[in-house]
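Have a look at the structure below, then the notes.
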2 protein chains.
Amino acid sequence: MTTVGAPTLDEVAVLAGVSRATVSRVVNGSPRVSPEARQAVQAAVDTLRYVPNRMARSLVTRRTGTIALVLSESDTQIFSDPFFASIVRGLSAHLADTELHLVLLAARDAREQEKIGRYVRQGHVDGVILMSLHGDDLLPDILARTHVPVVLSGRPLDGRAVSFVDADNAGGARAATRHLLDQGRRRVATITGPLDMVAGQDRYAGYRDALEGHGRAVDADLVVEGDFTEDGGLRAMATLLERAPDVDAVFAASDPMAVGALQALRAAGRRVPDDVAVVGFDDAAVARACDPPLTTVAQPLEDMTRLLLELLLRRIEDGDDAVESRVCETRLVRRASA
Amino acid sequence: MTTVGAPTLDEVAVLAGVSRATVSRVVNGSPRVSPEARQAVQAAVDTLRYVPNRMARSLVTRRTGTIALVLSESDTQIFSDPFFASIVRGLSAHLADTELHLVLLAARDAREQEKIGRYVRQGHVDGVILMSLHGDDLLPDILARTHVPVVLSGRPLDGRAVSFVDADNAGGARAATRHLLDQGRRRVATITGPLDMVAGQDRYAGYRDALEGHGRAVDADLVVEGDFTEDGGLRAMATLLERAPDVDAVFAASDPMAVGALQALRAAGRRVPDDVAVVGFDDAAVARACDPPLTTVAQPLEDMTRLLLELLLRRIEDGDDAVESRVCETRLVRRASA
DNA sequence: AGGACTCGTGGAAACGCTTCCACGACCGCT
DNA sequence: AGCGGTCGTGGAAGCGTTTCCACGAGTCCT
């Protein structure tokens with residue numbers, strides 16, 4: 001028994017003068033161990049710097065102690081979205097005092113998605129949280145075949161039966177648009193998200209709802225599709241100003257796009273909110289920092305990440321396939337831009 | 001032998017009418033298998049949808065087939081840095097046709113860093129690539145104790161003996177600054193990166209070098225510390241304009257900061273490059289897209305990620321502790337901003 | 001024709017852990 | 001005093017692989 005590699009349970013057992021079984025019990029915090037034995041084992045663990053071998057443990061427990069957040073985005077662009085960063089932060093925070101680890105997996109194309117599928121099927125993780133689904137996304141199907149619990153961040157596009165947690169995107173967009181209409185704005189435009197994404201669709205639907213609720217028709221000139229990025233927002237606003245110079249309000253489906261719109265408006269010499277009112281979505285940090293500060297729609301990120309984890313962990317624990325989902329209320333945050 | 005869980009080697013063996021050993025051999029592509037046996041096994045694998053259990057395999061091979069990219073950044077802010085996204089993209093691309101998986105691990109505080117240390121020590125990964133080190137970073141020490149191969153993206157701050165791959169930051173900054181001086185600019189400022197990061201320090205050092213090479217002293221009024229973000233760049237440029245209204249050139253240590261500077265300059269009514277020339281660093285996508293397009297310093301990302309992987313994989317294969325490092329040349333890309 | 005190969009194959013040990021089961025020792029009760 | 005309990009403990013089986021070793025059947029040489 002040389003001490004070349006990492007120390008094993010046996011070595012600890014020998015040093016502590018007990019059996020492997022007892023060491024295992026101590027390491028796993030079983031109550032059925034005498035104080036003396038426990039202490040001897042602890043000492044041995046410390047002097048040997050023993051760390052259980054995860055592979056060996058997983059082989060018998062069928063648990064890895066890690067869950068994956070998988071991002072399926074053609075571009076690596078998603079990284080720059082503050083919403084994504086918030087989700088990561090929220091999940092990490094909730095996991096902080098558990099022994100569950102969070103790993104991020106990114107797939108840019110179909111090949112990488114297949115690779116992630118293999119990774120999951122091979123048993124590297126206990127469950128996965130899936131984010132950012134475009135219309136043509138293969139991952140839900142790939143993962144469904146793995147029999148590993150999955151919960152989506154965001155409603156699935158095709159209404160399939162999976163667990164998910166989402167914000168009330170339509171409701172938030174409706175509130176935002178209504179806020180603009182209630183101010184007496186006559187030409188309320190929108191910069192939508194990508195319309196092959198649910199969040200893009202739902203926020204656009206909310207915009208339409210609000211308009212129709214005020215007895216207005218949707219004017220195609222006032223709708224431009226964006227891509228959730230600041231740069232996309234800038235370009236979209238420029239297009240809008242060209243197509244409809246009389247625009248006096250705009251609902252951008254994300255804060256970065258709203259910030260981009262702000263820049264385009266400044267470049268065009270329009271004052272915000274006097275000439276054009278702007279509302280964003282997400283209540284990202286940038287919404288507070290920009291000039292003027294953005295009126296925006298806040299999502300309860302704390303709650304959403306907690307629910308995401310609750311749903312996933314319950315499915316992992318119980319091993320059932322019950323699908324369950326939650327939709328969280330949004331809140332309009334009024335600042336200077338509208 | 002019920003088929004409740006995932007199928008095992010045994011089940012495949014029985015179905016194919018061979019032994020476990022043979023199945024293992026064909027699954028692992030050993031040449032010492034007869035064509036008939038191979039075919040029978042393949043068929044069985046296909047009908048059973050057999051996927052080897054990674055835990056069991058790792059237990060004996062001591063390999064997990066995954067490497068980690070760990071990000072140690074107090075903020076989740078690093079996600080929004082295009083340089084980070086490029087590294088991820090490069091690594092994924094190089095790994096695409098291997099069976100090695102890349103997972104991302106993020107640590108925001110000391111506690112999460114310890115947790116990552118445990119994750120690694122438990123044997124979840126074969127090696128780690130460590131990114132974005134601040135001065136007070138604990139991770140190199142934590143990881144050193146795990147005996148898992150580590151290579152740093154970026155020179156270590158304290159000159160410790162570890163493998164790393166870095167761009168010639170000082171050289172790039174020197175070239176950028178020289179480019180400005182050679183145009184006859186008299187008041188060349190810099191917006192530095194965080195000075196507790198190596199990239200921040202080295203790029204600042206290159207700026208000083210170039211200045212001194214031209215027989216100029218560094219003017220403290222012309223040096224403002226930024227944080228690599230666009231917003232930080234905007235604020236820094238504003239400070240610069242206030243402290244030194246006669247500034248006629250600025251070297252920003254990252255493209256996002258340069259873009260921020262561009263905005264501040266536009267807001268202040270300065271023309272670029274006529275009144276003030278601007279040079280960035282990284283040659284991010286945004287450098288091409290902004291107005292005017294940025295002159296910037298390109299790093300050979302393709303090479304850097306390839307080297308990162310080469311160094312790491314060699315250490316994994318050979319199991320040696322040889323430290324080795326590479327510094328890659330940068331290249332000045334001239335566009336309209338300077 | 002017989003020995004020395006190579007080649008494909010299967011049995012079995014090993015990887016490091018958890019957990020079932022059995023077994024003594026001790027307790028408090030009747 | 002004897003009996004049923006609880007409690008702490010150790011032995012051993014088992015998780016799904018890989019891989020060493022041995023073995024029989026060919027093949028090729030002298």
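Numbers restart at 1 for each chain; the letters A, B, ... are given by sequence-line order, proteins then strands.
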Within less than 4.0 Å of OP1 or OP2 of [N], is there a side-chain N or O belonging to [X]?
{"X": "A:Ser19", "N": "D:dT9", "result": "no"}
{"X": "B:Thr22", "N": "C:dG10", "result": "yes"}
{"X": "B:Arg57", "N": "D:dT18", "result": "yes"}
{"X": "A:Ser34", "N": "D:dT9", "result": "yes"}
{"X": "A:Asn53", "N": "C:dC15", "result": "no"}

Note: for B:Arg25 and B:Ala56 on DNA chain D, the residue whose nearest nucleotide lies more 5' is B:Ala56
Which heavy atom of B:Cys328 sits nearest to which heavy atom of B:Val165, and what is that distance?
SG-CG1, 4.4 Å
Measure CG/B:Asp10 against P/C:dG11 and give the value in whole Å, please.
11 Å
Calculate the interatomic distance between A:Arg38 atom CZ and D:dG8 atom P; express it in whole Å.
9 Å
Between A:Tyr50 and B:Glu36, which residue's closest nucleotide on DNA chain C lies nearer the 5′ terminus?
B:Glu36
Mapping B:Gly17 and A:Val60 to their closest nucleotides on DNA chain C, which lands nearer the 5' end?
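Result of the comparison: B:Gly17.
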Which nucleotide in the set C:dC15, C:dT18, D:dG16 lies at the smallest distance from any side-chain heavy atom of B:Arg62?
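The answer is C:dC15.
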Compare the minimum distances between each of C:dC17, C:dC7, C:dG11 and the side chain of B:Ala21, then state the nucleotide with the smallest one.
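Nearest to the side-chain atoms of B:Ala21, counting from C-beta on, is C:dG11.
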Donor/acceptor link under 3.5 angstrom from B:Arg20 side chain onto base of D:dT17
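Present.
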Could you check whether any side-chain N or O of [X] sits under 3.5 Å from a backbone N or O of [Y], counting only pairs where one atom can act as donor and the other as acceptor?
{"X": "A:Thr305", "Y": "A:Leu301", "answer": "yes"}
{"X": "B:Ser163", "Y": "B:Glu324", "answer": "yes"}
{"X": "A:Asp166", "Y": "A:Val327", "answer": "no"}

Quick one: label [X] by what it contacts on the DNA or RNA (base, sugar-phosphate, nothing), any heavy atom closer than 4.0 Å.
{"X": "A:Val18", "answer": "sugar-phosphate"}
{"X": "A:Arg32", "answer": "base"}
{"X": "B:Ser24", "answer": "base"}

Between A:Asp318, A:Ile316, A:Leu313, A:Asp126, which is the residue that forms a side chain to side chain contact (heavy atoms under 4.5 Å, CB included) with A:Pro149?
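That would be A:Ile316.
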